[in-house]
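Everything below concerns the one structure shown next.
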Amino acid sequence: MKKVVKFGGSSLANAEQFKKVGDIIRADEGRRYVVPSAPGRRFSNDTKVTDMLYDCYHRAEEDQDFSDALQNIRDRYDEIIHGLGLSLNLDSEFETIAENFRSKIGTDYAASRGEYLNGIVMAEYLGYEFVDAARVVAFDEDGKFDAVRTDKQMGAVLEPLEHAVIPGFYGTKPDGTVETFSRGGSDITGSLVAKAVHADLYENWTDVSGFLMADPRIIKDPVTINTITYREMRELSYMGATVLHEDAVFPLRKEGIPINVRNTNRPQDPGTMVVENTCNKPKYTITGIGGKKGFASITIEKAMMNAEVGFGRKVLEVFEDCGMTFEHTPSGIDTFSVYVNQNEFEKHEQQVIAGLHRSVHPDMIELESDLALIAVVGRGMRRTRGTAGRIFAALAHAHVNVKMIDQGSSELNIIIGVENRDFETAIKAIYDIFVVSQL
């Protein structure tokens with residue numbers, strides 16, 4: 001079996017963590033391609049190397065002396081190298097970084113050096129080939145990821161190699177300028193490698209034993225999800241579950257490659273399997289609960305709205321003209337609501353209101369702020385009657401007022417709108433009725 005393994009920053013924070021990672025990789029000969037992140041925090045109030053690089057580069061941009069800041073970063077890597085007993089010397093690498101910082105090469109380059117250096121250390125430690133992501137991950141001249149060229153380049157470089165380490169998070173434009181994915185983008189690199197080499201499995205190693213059914217900051221010791229589909233994971237990732245970068249799903253879904261989310265500190269735990277589809281019946285009616293705060297709703301009321309051709313399109317075009325995206329659009333016979341990010345809406349509030357008046361001539365526009373959206377996700381809901389009723393009963397019992405409900409035609413998820421102040425209470429109530437009551 002051919003596996004691609006990606007390790008997060010907490011898994012590679014120091015030499016001790018590196019040794020755990022080495023043991024995991026060597027325990028399975030199928031783990032042939034390794035994608036490392038930059039070193040994360042060693043303890044609670046520590047600083048991630050990526051943040052150290054941002055700070056160091058900011059000093060360079062301001063024409064300040066950044067030598068001490070760069071030395072602190074170097075000390076982090078020397079600590080790992082010495083702890084692993086390696087003879088690796090990074091002098092030339094840090095000389096190049098210092099020179100590029102002085103020339104103000106760009107923040108993306110600065111941020112990418114954490115993964116780049118960790119990749120060199122990891123390759124030396126494992127005895128694997130080092131492949132700079134700059135060679136294989138492509139962006140176009142506008143900084144947009146080029147999936148086709150990346151897949152072609154990556155496949156050509158990696159296929160002949162029995163083992164390789166490819167740093168995550170970054171690639172290059174046609175002119176050689178370094179470009180990065182968003183934070184957490186090493187997950188994306190791992191999925192691209194898995195697709196390019198036609199892996200049988202993509203293992204994403206982090207500091208939790210897979211996806212949890214709810215946020216552990218809200219629910220104490222939530223149940224781990226054994227198996228989740230790509231679609232379910234996408235819904236939960238979008239609504240705040242951040243174990244895996246949501247954009248990492250797409251390359252793997254195209255190839256039908258399963259993902260196994262594992263815990264570096266508890267390698268004996270099976271973790272969560274993320275699959276295209278499965279006959280595996282979930283233990284609970286729901287797979288998980290996710291959510292976000294900070295939304296606003298704009299409700300347009302107009303008599304006979306439902307008989308007006310193009311009404312919804314005209315409303316949404318107003319938001320589009322303001323450069324805004326929307327979350328949900330629940331509607332009634334004479335009402336049409338649009339849920340948007342509150343911070344984004346506040347920047348364009350009066351422009352949106354004026355645009356709606358000009359476009360659809362509403363009888364009334366009502367605004368409501370400080371709202372939260374909660375997604376109850378699960379393939380098991382399709383076969384279970386009364387799921388929505390149980391949700392509403394639980395929320396009513398917890399004295400939570402429901403502002404909105406939206407259920408997709410796939411019956412895979414139910415979106416509930418509540419006030420920000422009721423967010424945690426609502427999640428606890430839903431978790432209790434579907435999980436705790438069945439334990």
Side-chain angles (χ1 to χ4, degrees), residues 212-220 222 235-236 238-241 284-303 305-306 312 315 319 324-346 349 352-353 356 362-378 381 384-409 411-438:
L212 303 175
M213 290 191 70
D215 189 334
R217 293 169 297 185
I218 300 173
I219 304 296
K220 184 179 179 181
E235 295 285 349
L236 290 173
Y238 177 70
M239 292 303 288
Y284 306 99
T285 300
I286 66 171
T287 299
I289 310 164
K292 293 179 183 178
K293 294 181 179 180
F295 293 97
S297 70
I298 302 90
T299 299
I300 301 98
E301 184 174 327
K302 185 178 182 181
M305 175 196 79
N306 63 316
V315 169
F319 290 90
M324 295 177 60
T325 59
F326 66 92
E327 302 293 326
H328 293 279
T329 57
S331 62
I333 296 174
D334 295 324
T335 60
F336 188 94
S337 298
V338 183
Y339 276 69
V340 296
N341 179 281
Q342 184 171 325
N343 290 335
E344 187 178 359
F345 174 67
E346 288 174 349
E349 180 184 74
V352 170
I353 292 173
L356 290 171
D363 297 332
M364 184 179 69
I365 297 176
E366 184 178 350
L367 306 181
E368 191 165 5
S369 59
D370 299 322
L371 300 175
L373 295 177
I374 297 170
V376 184
V377 179
M381 294 194 299
T384 306
R385 295 178 181 176
T387 300
R390 294 177 68 190
I391 292 172
F392 290 133
L395 295 177
H397 184 73
H399 306 291
V400 173
N401 183 31
V402 175
K403 311 295 292 186
M404 183 272 287
I405 180 169
D406 188 7
Q407 181 170 12
S409 58
E411 299 183 58
L412 186 70
N413 70 327
I414 297 176
I415 306 294
I416 301 144
V418 301
E419 294 182 44
N420 277 347
R421 63 184 180 183
D422 290 329
F423 180 69
E424 288 83 4
T425 301
I427 288 180
K428 289 176 183 176
I430 296 168
Y431 186 84
D432 285 349
I433 197 69
F434 285 103
V435 182
V436 176
S437 64
Q438 296 184 42

Might you point out which heavy atoms bring [X] and [Y] nearest each other, and give the distance in Å?
| X | Y | result |
| --- | --- | --- |
| Ala303 | Asp363 | N-OD2, 2.8 Å |
| Met404 | Leu373 | CE-CD2, 3.5 Å |
| Ile219 | Ala214 | CG1-CB, 3.6 Å |
| His328 | Asp406 | ND1-OD2, 3.1 Å |
| Thr299 | Ser337 | OG1-OG, 2.8 Å |
| Thr287 | Gly378 | OG1-CA, 3.4 Å |

From CA spacing to verdict: side chain to side chain contact (heavy atoms under 4.5 Å, CB included), Val400, Glu419: CA-CA 8 Å; Val400 173; Glu419 294 182 44; over 6 Å; no
Measuring only between side-chain heavy atoms, which start at C-beta, is [X] closer than 4.5 Å to [Y]?
| X | Y | answer |
| --- | --- | --- |
| Asn341 | Phe326 | no |
| Ile433 | Ile391 | no |
| Thr325 | Phe319 | no |
| Ile298 | Glu366 | no |
| Gln342 | Leu371 | no |
| Gln407 | Ile415 | no |
| Tyr339 | Pro330 | yes |
| Ile286 | Met381 | yes |

Step-by-step side chain to side chain contact (heavy atoms under 4.5 Å, CB included) determination, Asp370 to Phe295: CA-CA 6 Å; Asp370 299 322; Phe295 293 97; over 6 Å; no
Worked verdict on Val376 versus Asn413 for side chain to side chain contact (heavy atoms under 4.5 Å, CB included): CA-CA 5 Å; Val376 184; Asn413 70 327; over 6 Å; no
[X] side, atom [atom1]; [Y] side, atom [atom2] - distance, nearest 0.5 Å:
| X | Y | atom1 | atom2 | answer |
| --- | --- | --- | --- | --- |
| Glu327 | Lys292 | CD | NZ | 6.5 Å |
| Phe434 | Met213 | CZ | CE | 9.5 Å |
| Arg217 | Leu212 | CZ | CG | 11.0 Å |
| Thr425 | His399 | OG1 | NE2 | 10.5 Å |
| Ser437 | Arg390 | OG | CZ | 6.0 Å |
| Ile365 | Phe336 | CD1 | CZ | 13.0 Å |

Backbone of Asp334 reached by a side-chain donor or acceptor of Asn306 within 3.5 Å: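 Looks like no, no N/O pair under 3.5 Å.
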Ionic contact status for Glu424 with Lys293, cut-off 4.0 Å: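 Between Glu424 and Lys293 there is a salt bridge, with a charged N closer than 4.0 Å to a carboxylate O.
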Steps toward side chain to side chain contact (heavy atoms under 4.5 Å, CB included) verdict (Leu395, Asp422): CA-CA 10 Å; Leu395 295 177; Asp422 290 329; over 6 Å; no
